[in-house]
Visitor: 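Input: one structure, supplied below.
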Amino acid sequence: MQSICAICGQGITPADDSEEHIIPGAIGGRRTVRGFLHDGCNHRSGQTWDAALEKQLRPLALHFGVKRQSGRTLRMAITTTAGENFLLSAGGRLEMSLPEIKRTPIPNGETFQVKAASIAKGREVLEGIKRKYPKVDVESVLAGAEVKRTYAQGVVRIDLEFGGPVSGRSLVKSALALAHDAGLPIDRCGNALAYLREADAEPCFGYHYADDLVDGRPPVTPLHCVAIDANATTGLILGYVEYFGIHRAVVCLGRGYSGERLKAIYALDPRTGAILDVAVRLDFGVADVRAIYDYERDDAEKRQEAFGKVFGPVLSDHQAAERDRVVRDSLNFAWANCGGVPDQPLTAEHLARLKELFADQATPWWKHVTGLDEPAARLLALAYISQVLVAAQSTTVSATG
């Protein structure tokens, strides 16, 4: 029996078949199906529906560090509450959106001061300057460059608004793709087909937060999940789609179902692609579906609660990783520049210099995470390195004693 394209309704041949991700690959999906979309329909829906979904979910994909099978998650421009413009990149890192170039006239010409997101970006700027000023020695300038990490003064806010007629069709397409993969003929999913094919069709999904439909949910995991349940008792073919453990929707794929009950589920951790063993309860009747469509099972506070459960831990992990990096890099810098001699004990003067150098490098981070002014943040940095040195001396005494 020839497969029918879920979008255009025409037959699919081997020449125009395509691989369709059940969950879009742009947000971490891995599993694909064939015999579901024409190559052209796949391409067009990817550029429209899936692209709109990816754009809405990109802040989460970046913060969670989603691993894609191909390509990389795009960065995005953001503005903090202090009006600062940055690019948000993988791991929740902020980068300068544009290099800063300051020109200063001098008697014999002009000087340039360049501030860029990285040495590589700085090199690009200097190469551009060199094209106009050939005497610029790029390597010499880079050799004397100062590498310094700064922190945003404002806060990055993540918009949890989700859905709409464009990304909503991507969501429905995911549920229908899993139904197809489970062996359910898609012509039995009339509600989903109407929504994908007709511009003015009623949306066949709604958001659900009245209770958690996922059993066995792994804690602090940004779960992606698609499930379907075709139930002859209710006559409904229902789907469930969840992104990042936060955005949760119930889909009515079709009505009037008869036959054996059919269930299927695809759940994964988008950070790694690891398949997760969970179950989804979709024991809804027609009245429940209507209530879901009418937003009676939506709850903004519970959506925020779901967000906090997965996003809070990842934010703590990011902060711990940055703290460890700051301490490591600051200590290495201080050790290399305090005047100490390798394999020789540090003098009191060397130790005092090491502490000051450590504080020079680490104070911006302490100021950023505590909100204290610079003198108070510097005292915290000095107190920290003092404790580290005392602990190191105690360990040495114990090892040699």
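What you see is a predicted model, and the numbers here were worked out from it, not measured in a lab.
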Visitor: If you take all heavy atoms of Leu171 and Val241, which pair is closest and at what distance?
Guide: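 Taking every non-hydrogen atom into account, O-CG2, 3.7 Å.
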Visitor: Between Tyr151 and Glu322, is the side chain to side chain donor-acceptor pair (under 3.5 Å) condition met? List the steps.
Guide: CA-CA 11 Å; Tyr151 298 94; Glu322 179 64 2; 2.6 Å; yes
Visitor: When you measure from the centre of the six-membered ring of Tyr266, is the NZ or CZ of Arg31 closer than 6.0 Å and no more than 45° off the axis?
Guide: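 Cation-pi check for Arg31 and Tyr266: passes.
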Visitor: Closer than 4.0 angstrom, basic N to acidic O: yes or no for Arg261 and Asp229?
Guide: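 Answer for the salt bridge query: yes.
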Visitor: Check whether any side-chain heavy atom of Cys252 lies under 4.5 Å from a side-chain heavy atom of Ile237, and answer yes or no.
Guide: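 No, their side chains stay 4.5 Å or more apart.
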Visitor: Nearest 0.5 Å, please: how far is CG in Asp16 from NE2 in His38?
Guide: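 One gets 4.0 Å once the value is rounded to the nearest 0.5 Å.
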Visitor: Distance alone, cut at 3.5 Å: any donor-acceptor contact between the side chains of Asn42 and Ser18?
Guide: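 Checked: Asn42/Ser18 side chains pair up, N/O donor to acceptor below 3.5 Å.
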Visitor: What I want to find out is whether Lys309 reaches Glu305 closely enough, with some N-O distance under 4.0 Å, to be called a salt bridge.
Guide: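 Yes, Lys309 and Glu305 are salt-bridged.
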Visitor: Is there a donor-acceptor pair under 3.5 Å between the side chain of Arg255 and the backbone N or O of Cys189?
Guide: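 No; judged by distance alone, with no hydrogens or angles, the pair does not exist.
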Visitor: I'd like to know whether Met76 forms a side chain to side chain contact (heavy atoms under 4.5 Å, CB included) with Leu87, so could you lay out the CA-CA distance, the side-chain angles of the two residues, the decisive distance to 0.1 Å, and finally the verdict.
Guide: CA-CA 5 Å; Met76 65 180 296; Leu87 291 175; over 6 Å; no
Visitor: Is Lys115 salt-bridged to Glu146, cutoff N-O under 4.0 Å?
Guide: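 Looking at Lys115 and Glu146, the cut-off is not met.
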Visitor: List the atom of Leu331, the atom of Leu354, and the distance in Å for their closest heavy-atom pair.
Guide: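 The pair with the smallest heavy-atom distance is CD1-CD2, 4.2 Å.
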Visitor: Compute the ring centroids of Phe284 and His208, then answer whether they are less than 6.0 Å apart.
Guide: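 Yes - the distance between ring centres of Phe284 and His208 falls below the 6.0 Å cut-off.
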Visitor: On the six-membered ring of Tyr195, is Arg169 placed so that its NZ or CZ lies under 6.0 angstrom from the centre and within 45° of the ring axis?
Guide: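 Yes.
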Visitor: Would you call the rings of Tyr207 and Tyr295 parallel, tilted or perpendicular, taking 30° and 60° as the class edges?
Guide: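 Ring orientation, 0 to 90° scale: tilted.
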Visitor: Check the pair Leu253 / Asn191 against side chain to side chain contact (heavy atoms under 4.5 Å, CB included), numbers first and verdict last.
Guide: CA-CA 5 Å; Leu253 298 168; Asn191 295 69; 5.9 Å; no
Visitor: Considering non-hydrogen atoms only, spot the tightest contact between Asp288 and Gly285 and give its length.
Guide: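 It is OD2-N, 2.9 Å.
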Visitor: How about Phe311 and Phe244: are their ring centroids closer than 6.0 Å?
Guide: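 Aromatic pair excluded; centres sit 6.0 Å or further apart.
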Visitor: Identify the heavy atoms of Glu54 and Ala26 that sit nearest to each other, and give their distance.
Guide: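 Between these two residues, the closest heavy atoms are CG-CB, 3.6 Å.
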Visitor: Does the ring center of Trp366 lie less than 6.0 Å from the ring center of Tyr384?
Guide: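 Yes, the ring centres sit under 6.0 Å apart.
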Visitor: With no hydrogens and no angle check, do the side chains of Asn85 and Thr79 hold a donor and an acceptor under 3.5 Å apart?
Guide: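 Asn85 vs Thr79: donor-acceptor pair found between side chains.
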